[in-house]
Every structure is written in structure tokens, then in C-alpha cells.
A.B. asks: 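Below you'll find the structure I mean.
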There are 2 protein chains.
Amino acid sequence: MKTVYERADVVPLLAEIFRELGYEGTTLSRITERTGIGKGSLYHFFPGGKEEMAAAVLADVDGWFERAIYEPLRHDDPRAAIDAMWANVMDYFRSGSRVCLVGAFALDETRQRFSPVIRDYFVRWIEALRQALVRAGCAEDDALAAAEEAVSGIQGALVLSRALDDKEMFRRTLDRLADRLAATKRGG
Amino acid sequence: MKTVYERADVVPLLAEIFRELGYEGTTLSRITERTGIGKGSLYHFFPGGKEEMAAAVLADVDGWFERAIYEPLRHDDPRAAIDAMWANVMDYFRSGSRVCLVGAFALDETRQRFSPVIRDYFVRWIEALRQALVRAGCAEDDALAAAEEAVSGIQGALVLSRALDDKEMFRRTLDRLADRLAATKRGG
DNA sequence: TTTGTATTGTACCGATCAGTACAACTGGCG
DNA sequence: CGCCAGTTGTACTGATCGGTACAATACAAA
């Protein structure tokens, strides 16, 4: 039996590996080892090599957040969209046992390779959340700070819950952040 | 002219490199390139190679936090120690342009190599801060949550301010975290 | 100055890195 | 069936990886 992939099948597999090993830690041999996909296929789908693989993974992640989180925050009912955001984030990061690829890339020199994408991912997240807060009746000044606090808080919870190996801590922190955001909407 | 080092001189130089490049991204040749220290010296000071270098760096970082932050939180005047913590954190991380080595190691598979050290660093930070809050008159239940929130918030601010390349965002977030902690002390 | 120890530069090792070349295979379509 | 574009395994390259060996150097003590 022989498996035949197409590019779209490969990207999520790569994403998981980049997430766990980081950009530098991800080697072609470890990709092959974990997925069974050989160099032939990898360079067929991603002629630009490792860098193109990482770029494709980043674009895929970005697209998911755009559709599942940012877009609803901009246009759907703001309270419902914010509730959905918290639920989606909890699921997506598997209660903290899955890392944010973009956040991880931001920390080391990998950032230099992808800095526009990384920056954009967070800028759009914060801005979409800010808009939702304003639409929910939050004061303009408070909205930006609250949005920054929420997005920053999620990243911190990921780092800390992973360091402590404690999923419960992630859930607890996200609940606290959600409560605080809800208080902001009410003008707290 | 020829520079002669001793081990204690080398550790801080290595720390900066591990911080910027991550564990996997740090190679012996890049260490030599950035510091001028050759393999001969490196393996003389750290016979265990790269892993021992990283362990030494982690121990050094841990020691600094222990002396400069945790110990005052446990024994000095709690309000003064908390104020000093915020000031020290701001300086140490250079307004967000310097990354937390321990947090960075926690995100990728490097965690597996050093998981006890990584966990301990954060556990002791949170516990020391919790004690200070209790001593400052905060309720036991609120103290743990507030301490977790502060430490987690710092890590998030590091990720986000680096992703956005925005030192001001780091300062703003730390100020907000500090205010919130102060409110907790007053029983907010 | 001589001696002994600490430190360092250099040459080298096998393993692994990212990337290339290309022949062999696969599956859909006629 | 035969064709063919898309996909894949394998063998290879030169560079770099972490690590070792050891002779040369620097320096403090006598």
C-alpha cells in the first residue's frame, strides 16, 4: 500500500511538527520520520524547501483564525462572536497542550524570516476583537487595551501552562480572561 | 592579544545567544562567530557540550531571579518587593526586546530536556509572589490566582511585544498588570 | 626564569543537515 | 488496455552539525 498526498493534506501535518519542534528543530528527516512523507514529495509540493513549508503552514494557520475567529468578531453579533472566540481558542490549543505556532516563531530568530506574517496575525486579532468590543458598547479607549490584554493573556497562558504541564491552569486563565473581557463590555 | 575567559564569563554570553536563537538554533559555530570563543574553550568549560551549556545558562538565569526577585518577595516588605519585581522585570527583559529564556524553552521540544528546571522556575515565581500578596493582606484564594495572572501576563507580553516589535506595548501591559496586582492587594 | 595548570586554536571524526536529480510508480482518463 | 501528469523513493551532493584529540599557548606561583 502506498499513500498519495496532495499539498493540502501535507500542510496540517507539517504544522503539528513545526509547532512541536520549532523552525530550527524541524528537519526534513524528522518530517519523514513522523509522517512517512519522503523528500521527493516534500520538494515536489514545496520547491522552496523548509522555508516554503513553514510559510505555507503559517498561511494555513492564519487562514483558520481569519475564518473562525476574526471574521465573526468583525461582522457577527459581538457577544456571540467573543463567546465563540474563547471556545474556539480553548479547542484549538487543546487546553494549552498545543502551542501557538505564530507565538513560538515570534520568540526566536525565526521571527526575522516571517515578521510581516507574525505581526499581521496579532494585529488583526487585536483589531477584530477591539471592533467587537466597541460594537458591544465598550468605550473606544478601553476596547484597545482590553483586546490587547486578552490576546496577550492567551499567549502567556500557553507558555505557562506548558511550562507547568498543567491544562487546568490554561482553562482557569482563559476563564479569568473571558470574565474580564465581559466586564469590559459592561464598562467595568 | 588573546582573551582568556573563565566559565563565569562565558555563561552570560551563551545566555544571550540561546535567548535569541533558541536551543536548536544555537550552534557551536554561531557561538564562536558571535563571541570569538572557540570549541576548545567551550568544551573545556562545558564537557557535556551544548546541553551542559544550556543547563548552565538556565541555572544562571534561575539564580538571578531567585536573588533579585523571589527572595525579596518571600522576606522583604511585600509592597516594596512587588514594586521592585515590576521594575526588575522591565529592566531585565529590556522592555520586551529581550526574551524569557525559560519561557522560550517551554514552548518547543527543548522543554523535555529541562522540564524540571523550567517548571520550578515558574512554580517558585508564582509561589513567592503569592506569599507576598498574602503578607500584604490579600485573601488566600485571590492571591494564587493573582500571582498566576501576573506571571502569565508577563510571558504573554513578551510574546506579543516581540511579535509586534513594540516596546511600548510591553511597558503598557506591565503597567496594567501591576495596577491589577495592586488592586488585588487592596482586596479588589 | 622555570614549572605546572588552565586555557585555547586547529585539525579531524562520523552523523546529519538542506537540497538536487531522476527513475519508478500511481491513479485518473480515454 | 495505453497514455500521461502528478506523485514518490532513492541515491547523491557539499555544507554543517556536535563532539574529540591534542599540541600550543598563557599565566600564576615559586
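In the text below, chain A, chain B and the rest are named by the order of the sequence lines, each starting its count at 1.
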A.B. asks: Tabulated below should be each protein N or O lying under 3.5 Å from an N or O of nucleotides 19-23 of chain D; please produce it.
C.D. replies:
| residue | atom | partner | partner atom | Å |
| --- | --- | --- | --- | --- |
| D:dG19 | OP2 | B:Y43 | OH | 2.7 |
| D:dG19 | OP2 | B:K50 | N | 3.0 |
| D:dG19 | O5' | B:Y43 | OH | 3.1 |
| D:dG19 | N7 | B:K39 | NZ | 3.0 |
| D:dG19 | O6 | B:K39 | NZ | 2.2 |

A.B. asks: Atom CG of B:L14 and atom C1' of D:dG18: how far apart are they, to the nearest Å?
C.D. replies: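 After rounding, the reported distance stands at 15 Å.
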A.B. asks: Once you round it to whole Å, what is the distance between P of D:dC17 and CZ of B:R30?
C.D. replies: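 So the two atoms are 8 Å apart, to the nearest Å.
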A.B. asks: Check the distance between D:dG18's C1' and B:R113's CZ and give it to me in whole angstrom.
C.D. replies: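 Those two atoms, CZ and C1', are 11 Å apart.
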A.B. asks: Is any NZ, NE, NH1 or NH2 atom of the basic residue among A:R130 and A:E140 found under 4.0 Å from an Asp or Glu carboxylate oxygen of the other?
C.D. replies: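 Counted as a salt bridge, because a side-chain N and a carboxylate O are separated by less than 4.0 Å.
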A.B. asks: Between A:T27 and C:dC17, is there a contact of a side-chain N or O with OP1 or OP2 at under 4.0 Å?
C.D. replies: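 So the side-chain polar atoms of A:T27 do come within 4.0 Å of the phosphate oxygens OP1 or OP2 of C:dC17, strictly under.
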A.B. asks: Answer with base, sugar-phosphate or nothing: what part of the nucleic acid does A:T26 contact at a heavy-atom distance below 4.0 Å?
C.D. replies: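 Sugar-phosphate contact only.
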A.B. asks: Does OP1 or OP2 of C:dT7 have a side-chain N or O of B:H44 closer than 4.0 Å?
C.D. replies: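 Checking C:dT7 against B:H44, a side-chain N or O does come within under 4.0 Å of OP1 or OP2.
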A.B. asks: D:dG6 C1' sits how many Å from A:L42 CG, rounded?
C.D. replies: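 Answer to the nearest Å: 15 Å.
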A.B. asks: Mind calculating the distance between OH (A:Y5) and C1' (D:dT8) to the nearest angstrom?
C.D. replies: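 The answer, rounded to whole Å, is 11 Å.
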A.B. asks: May I ask you to check whether B:Y5 and B:F45 place their ring centres under 6.0 Å from each other?
C.D. replies: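 No, ring centres 6.0 Å or more apart.
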A.B. asks: Rounded to whole Å, please give me the gap between CD1 in A:I37 and P in D:dG9.
C.D. replies: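 Result: 9 Å.
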A.B. asks: Roughly, in whole Å, what's the span from CZ in B:F46 to C1' in C:dA6?
C.D. replies: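 Atom CZ in B:F46 sits about 15 Å away from atom C1' in C:dA6.
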A.B. asks: Mind telling me whether A:W125 and A:F65 have parallel, tilted or perpendicular rings, with 30° and 60° as the class edges?
C.D. replies: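 A:F65 vs A:W125 ring planes: tilted.
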A.B. asks: Could you state whether B:W64 and B:F105 fall into the same hydrophobic cluster, counting links through intermediate Ile, Leu, Val, Met, Phe, Trp or Tyr residues with side-chain heavy atoms under 4.5 angstrom apart?
C.D. replies: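 Same cluster.
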A.B. asks: Using modelled atom types only, decide if a donor and an acceptor are shared between the side chain of A:S152 and the backbone of B:A157 within a distance under 3.5 Å.
C.D. replies: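 Side chain of A:S152 to backbone of B:A157, a donor-acceptor pair under 3.5 Å: yes, one is there.
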A.B. asks: Say whether, by atom type as modelled, one donor and one acceptor occur between the side chain of A:T26 and the main chain of A:G22 under 3.5 angstrom.
C.D. replies: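 Checked: pair present.
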A.B. asks: Answer whether the closest heavy-atom distance between the side chains of B:E20 and B:V99 falls below 4.5 Å.
C.D. replies: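 Contact flag for B:E20/B:V99 side chains = no.
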A.B. asks: Write down the distance between CD (B:E6) and P (D:dA28), rounded to a whole number of angstrom.
C.D. replies: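 Distance check: B:E6 CD to D:dA28 P gives 11 Å.
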